[in-house]
Amino acid sequence: MRVVLSTYGSRGDVEPMVAFAVRLRERGAHVRVCAPPDEDFARRLEAVGVPLVPFGPSARALTTGAPPPTRSATSSAGEMVARRSVELADGQRAVLREAAEGCDALVATGVPAVVGGARSVAEKLGVPWIHVTFQQLTLPSPYRAPLAYPGQSYPPEVTDVPALWKLHDRHMNALFGEAINTNRAALGLPPVDDVASFLFGARNWLASDPVLDPWRGRRTWTSCRPARGSCRTTARCRTTCGRSWTRGSRRCTWGSAACR
């Protein structure tokens, strides 16, 4: 079995995927990790014998070039995120398409443009794919307000949670729609008009601590073992199967011990 893991971001986005790659390899799978070309990521993967397929600029360099926190809610910050998302998706496309050719599964996490790029490549190649996240703040929920992306702020008078998520979804279209649809056009795929549904409206794996970061909803508990080297404690997996509260699509959520 061949599996490609795709991510872009900081250590919190990359190192859990390294541990996942190690565990998959223990079970006999051939694994490659598409990730930023930073030297510390390359060393980490080399140490465990997992091939790195680098793409995009250094994540560290990209982070240090970001606007200061005091400007995170300005329109210029949003414009910069949108521009960099296009660049990331463009750099990812050729590399990931070649890496994923003939693979049996593609697992993606990281920034939205890269997750969207991975799903589009999987769609083009006819490869099963799944999105994994290590925190639930980006997943739609009727119990909490969404995060604000750079360039976004919510009107103080809007407190209704579903209304806030609708604003969030519109902003995701503005920030990441161009990157995702430019990428899809280059792959010969039709555009998407709802970025949030495209990224999070199908199956998601949530790998987070069920005590510190519990998922609210219907839950069934089964025992599991977290990936070796990725988690400090053994916890339990939770699987939530039900109707998505926003888009009516079936969604499964999985979690284990926190990968820190």
Q: Show your working on side chain to side chain contact (heavy atoms under 4.5 Å, CB included) between Trp215 and Tyr143 and close with a plain yes or no.
A: CA-CA 10 Å; Trp215 178 263; Tyr143 301 109; over 6 Å; no
Q) Checking side chain to side chain contact (heavy atoms under 4.5 Å, CB included) for the pair Arg25/Val50: CA distance, chi angles, key distance, verdict? A) CA-CA 9 Å; Arg25 201 177 56 175; Val50 174; 4.1 Å; yes
Q: For the pair Val3 and Met1, evaluate side chain to side chain contact (heavy atoms under 4.5 Å, CB included) and give the outcome as yes or no after the intermediate values.
A: CA-CA 7 Å; Val3 181; Met1 181 178 186; 3.9 Å; yes
Q: Report the C-alpha distance between Glu39 and Arg43 in whole Å, list the side-chain angles of each, state the deciding distance to 0.1 Å, and finish with yes or no for salt bridge (charged side-chain N to carboxylate O under 4.0 Å, His left out).
A: CA-CA 6 Å; Glu39 185 178 351; Arg43 286 199 305 265; 3.1 Å; yes
Q: In sequence, state the C-alpha distance, the side-chain angles, and the governing distance for Leu139 and Asn204, and then conclude on side chain to side chain contact (heavy atoms under 4.5 Å, CB included).
A: CA-CA 9 Å; Leu139 297 179; Asn204 303 287; 3.9 Å; yes
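Residues Ala179 and Ala89 come closest through the heavy atom pair O-CB, 3.8 Å. Considering all non-hydrogen atoms of both residues, Phe198 and Gly116 come closest at CE2-O, 3.7 Å. When all heavy atoms of Ser6 and Gln92 are compared, the closest pair comes out as OG-NE2, 3.5 Å. When all heavy atoms of Phe134 and Gly12 are compared, the closest pair comes out as CD1-O, 3.5 Å. Across Pro142 and Val161, no two heavy atoms sit closer than the pair O-CG1, 3.8 Å. Residues Ala122 and Trp129 approach most closely at CB-CB, 3.6 Å, considering heavy atoms.
Interatomic distance, His30 NE2 to Leu24 CG, rounded to the nearest 0.5 Å: 12.0 Å. Distance CG/Leu125 to CG/Leu187: 8.0 Å, rounded to 0.5 Å. The structure places SG of Cys34 at 6.5 Å from CZ of Phe55, a figure rounded to the nearest 0.5 Å. Distance check, rounded to the nearest 0.5 Å: CZ of Phe200 to CE of Met172 gives 4.5 Å. A distance of 10.5 Å separates OH of Tyr8 from OG of Ser85, quoted to the nearest 0.5 Å. Separation of atoms CG (Asp169) and CG (Leu164) is listed at 11.0 Å; rounding is to 0.5 Å.
Looking only at distances, no side-chain donor or acceptor of Asp213 sits under 3.5 Å from a matching main-chain atom of Ser208. Within the 3.5 Å criterion, the main-chain N or O of Pro16 finds no donor-acceptor partner in the side chain of Arg11. Without hydrogens or angle criteria, Asn181 side chain to Glu178 main chain gives no donor-acceptor distance under 3.5 Å. Of the possible polar contacts, none joining the Arg93 side chain to the Leu88 backbone as a donor-acceptor pair under 3.5 Å is found. Formation of a donor-acceptor pair under 3.5 Å by the Asp160 side chain with backbone atoms of Ala163 is found in this model. Checking side-chain atoms of Trp165 against main-chain N and O of Ser141 turns up a donor-acceptor pair under 3.5 Å. Of the possible donor and acceptor atoms, none in the side chain of Asp13 sits under 3.5 Å from a partner among the backbone N and O of Thr7.
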What pairs of donor and acceptor atoms, side-chain ones from residues 98-115 against any protein atom, are under 3.5 angstrom apart with sequence neighbours left out?
unit_1	atom_1	unit_2	atom_2	d
Asp104	OD2	Arg2	N	2.8
Thr109	OG1	Val132	O	2.7

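In summary, of the residues considered (Val14, Val53, Val18, Val33), a side chain to side chain contact (heavy atoms under 4.5 Å, CB included) with Leu5 occurs for Val33 alone.
Using a 4.5 Å heavy-atom threshold, the side chains of Val195 and Ile180 count as touching.
Residues His168 and Tyr149 place their aromatic rings such that the two centres sit under 6.0 Å apart.
Under a hydrophobic clustering in which Ile, Leu, Val, Met, Phe, Trp and Tyr are joined whenever their side-chain heavy atoms come within less than 4.5 Å, directly or via other members, Val31 and Ile130 fall into the same cluster. Under a hydrophobic-cluster definition in which Ile, Leu, Val, Met, Phe, Trp and Tyr are linked whenever side-chain heavy atoms come within less than 4.5 Å, directly or via other members, Leu45 and Val22 are assigned to the same cluster.
Sorted by first and then second residue, the pairs that involve residues 118-142 and meet salt bridge (Lys or Arg N to Asp or Glu O under 4.0 Å), not counting sequence neighbours, are Glu123-Arg184.
By the 4.0 Å N-to-carboxylate-O rule, Glu26 lies close enough to Arg23 to be salt-bridged with it. Classification of Arg60 and Asp40 as a salt-bridged pair holds, one side-chain N sitting under 4.0 Å from a carboxylate O.
No side-chain donor-acceptor contact under 3.5 Å links Asn183 and Ser120.
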